[in-house]
Amino acid sequence: KSSWMARLKAGLSKTSTNLTTLFVGARIDEELYEELETALLMADAGVEATQFLLNSLKRRVKEQRLTDAAQVKTALRSLLTELLTPLQKPLVLGREQPLVLMIAGVNGAGKTTTIGKLAKHMQAHGQSVLLAAGDTFRAAAREQLTVWGERNNVTVIAQQSGDPAAVAFDAVNSARARKTDVVMVDTAGRLPTQLHLMDELKKIKRVTAKAMASAPHEVLLVIDGNTGQNALTQVQAFDDALGLTGLVVTKLDGTAKGGVLAAIAKVRPVPVYFIGIGEKIEDLQPFNAEDFVDALLS
Ligand code: GDP
């Protein structure tokens with residue numbers, strides 16, 4: 001635990017410093033709240049979550065008659081934990097065979113990396129994995145994926161050309177025949193402009209259900225944790241179009257701000273199954289609200 005927490009802490013250190021130093025030796029006054037407001041906004045918490053946290057904090061300070069800034073910090077810590085806890089939900093494996101996951105995300109969010117990490121995670125839990133290379137627009141990516149699959153004991157279903165929905169359909173059927181435990185359907189992150197990404201994704205979802213009525217069991221969106229309001233906009237747009245069941249928030253190491261999780265919790269609380277805290281295959285962790293707040297406000 002210590003090594004990934006260290007990486008998460010390092011990633012969130014700037015936000016953490018901004019959020020914690022303002023309490024040091026401070027008086028509980030309007031100035032403190034203004035500084036906190038600025039720090040939360042700078043951390044990408046967004047207007048709604050920032051206002052919510054400030055108002056709740058002021059109320060709590062009053063109700064509990066807090067007089068010490070350190071106590072206010074502790075109160076903020078529990079408010080933030082309360083806000084983020086509903087996002088904490090495990091991805092339950094093994095409840096269907098195959099369990100079909102559709103994975104969406106805009107290019108660069110970390111989708112390919114995350115699929116690799118997820119495959120490793122699932123294999124570590126005794127699950128066999130099949131991957132449908134639904135991003136038929138990037139030929140190089142498809143070939144890379146096949147090589148990667150061979151090396152990692154993941155069957156990759158790809159098609160030279162054509163319809164990503166058909167690839168997904170074939171993959172689910174193939175998984176049923178082979179009794180594979182998990183199918184991950186990779187999807188495109190961007191399409192040639194004349195096509196509509198959401199329409200294609202909806203079609204993949206629809207056609208997947210033709211191969212297995214209960215599928216896809218999960219529709220995951222991979223978002224870059226550093227893109228703030230942009231990430232939130234993506235969550236809303238993909239959720240409106242597809243009905244998301246979960247998120248993976250990547251790149252929370254490095255120089256992440258971290259507040260975007262508060263914005264998501266307040267505006268569109270889709271569960272965060274995992275966080276990405278590095279480029280390596282093992283750098284994936286189930287999201288835990290307490291640990292996260294610990295890294296943010298230690
Ligand atoms: P895709 O276009 O969405 O498939 O994105 P990729 O998986 O190719 O990732 C884009 C870049 O982000 C690559 O350089 C990855 O190594 C990097 N990346 C992905 N996840 C993480 C993460 O959790 N932390 C860090 N630091 N980098 C990541």
Side-chain angles (χ1 to χ4, degrees), residues 1 3-16 44 87 91 101-122 129 131-149 151-152 154 156 158 164 167-168 184-192 197-198 200-201 204 219-228 230-235 237-238 242 244 246-261 264 272-288 291-292 295-296:
K1 175 171 174 174
S3 90
W4 74 262
M5 262 306 271
R7 206 128 18 88
L8 182 62
K9 273 188 181 169
L12 299 177
S13 66
K14 188 152 183 283
T15 299
S16 178
D44 284 340
L87 297 184
L91 171 63
L101 291 82
M102 184 174 161
I103 320 273
V106 302
N107 285 352
K111 188 161 56 73
T112 308
T113 309
T114 298
I115 287 172
K117 291 175 178 177
L118 283 172
K120 209 75 185 173
H121 170 86
M122 288 157 177
V129 182
L131 183 61
D135 186 350
T136 52
F137 287 91
R138 295 194 288 184
R142 193 174 55 232
E143 271 141 40
Q144 238 176 315
L145 214 57
T146 310
V147 173
W148 171 85
R151 220 180 286 142
N152 291 280
V154 172
V156 178
V167 177
M184 282 194 275
V185 179
D186 186 19
T187 63
R190 188 171 55 225
L191 300 177
L197 177 60
M198 292 304 175
E200 174 172 304
L201 297 181
I204 294 173
V219 182
L220 305 191
L221 181 70
V222 178
I223 53 170
D224 179 339
N226 293 307
T227 52
N230 222 332
L232 178 63
T233 307
Q234 286 166 20
V235 172
F238 281 82
L242 298 170
L244 297 175
L247 303 174
V248 179
V249 184
T250 65
K251 309 187 197 181
L252 288 174
D253 55 313
T255 56
K257 292 178 166 182
V260 70
L261 273 87
I264 290 167
V272 177
Y273 285 139
F274 295 98
I275 57 173
I277 34 105
E279 296 186 273
K280 292 206 292 294
I281 199 92
E282 64 273 17
D283 295 335
L284 184 80
Q285 283 292 327
F287 172 66
N288 178 283
D291 287 343
F292 192 80
L296 208 55

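Residue numbers count from 1 along this sequence. Whatever order the structure lists them in is the order used to number ligands and atoms, beginning at 1.
- Contact annotation: for Asp283 versus ligand 1, there are no heavy atoms closer than 4.0 Å.
- Contact annotation: for Val106 versus ligand 1, heavy atoms closer than 4.0 Å belong to the backbone alone.
- Near Ile277, meaning under 4.0 Å from any of its heavy atoms, are these atoms of ligand 1: 23 (O).
- Distances below 4.0 Å separate heavy atoms of Gly276 from the following atoms of ligand 1: 23 (O).
- With respect to Lys251 and Asp224, a salt bridge is recorded, a charged nitrogen being found less than 4.0 Å from a carboxylate O.
- Residue Lys117 approaches ligand 1 through these ligand atoms, each under 4.0 Å from one of its heavy atoms: 22 (C), 23 (O).
- Inter-residue side-chain proximity for Val185 and Ile204 is flagged as met; some heavy-atom pair is nearer than 4.5 Å.
- Between Val249 and Phe287 there is no side-chain heavy-atom pair separated by less than 4.5 Å.
- Within the listing of ligand 1, atoms 1 (P), 3 (O), 4 (O), 5 (O), 7 (O) sit less than 4.0 angstrom from a heavy atom of Lys111.
- By the 4.0 Å heavy-atom criterion, Ala109 is counted among the residues contacting ligand 1.
- Between Asp253 and ligand 1, at least one N/O pair is under 3.5 Å apart.
- Heavy-atom distances between Gly108 and ligand 1 reach below 4.0 Å in at least one pair.
- Taking distance alone, with nitrogen or oxygen atoms compared against 3.5 Å, Leu252 stays at or beyond that limit from ligand 1.
- Closest heavy-atom contact between Trp148 and Ala119: CH2-CB, 3.8 Å.
- Put simply, the side chain of Thr114 does not reach to within 4.5 Å of the side chain of Leu220, judged on heavy atoms.
- Contact check for Phe292 versus Leu12: side-chain heavy atoms found under the 4.5 Å cut-off.
- Within the structure, ligand 1 lacks Gly189 among the residues with a heavy atom less than 4.0 angstrom away.
- Residue Thr114 has no nitrogen or oxygen atom sitting less than 3.5 Å from a nitrogen or oxygen atom of ligand 1, judged on distance alone.
- When Arg7, Glu279, Lys251 are checked for heavy-atom proximity to atom 12 (O) of ligand 1, Lys251 turns out nearest.
- Of all atoms in ligand 1, numbered sequentially from 1 with element shown, those under 4.0 Å from a heavy atom of Asn107 are 2 (O).
- Here the side chains of Leu247 and Phe238 are not in contact, with every heavy-atom distance at 4.5 Å or above.
- With a 4.5 Å cut-off on side-chain heavy atoms, Ile115 and Leu145 do not count as touching.
- Between Ile264 and Ile223 there is a side-chain heavy-atom pair separated by less than 4.5 Å.
- Under 4.0 angstrom from ligand 1, the non-hydrogen atoms of Thr112 come from both its backbone and its side chain.
- Using a 4.5 Å cut-off on side-chain heavy atoms (C-beta onward), Tyr273 and Leu118 make no contact.
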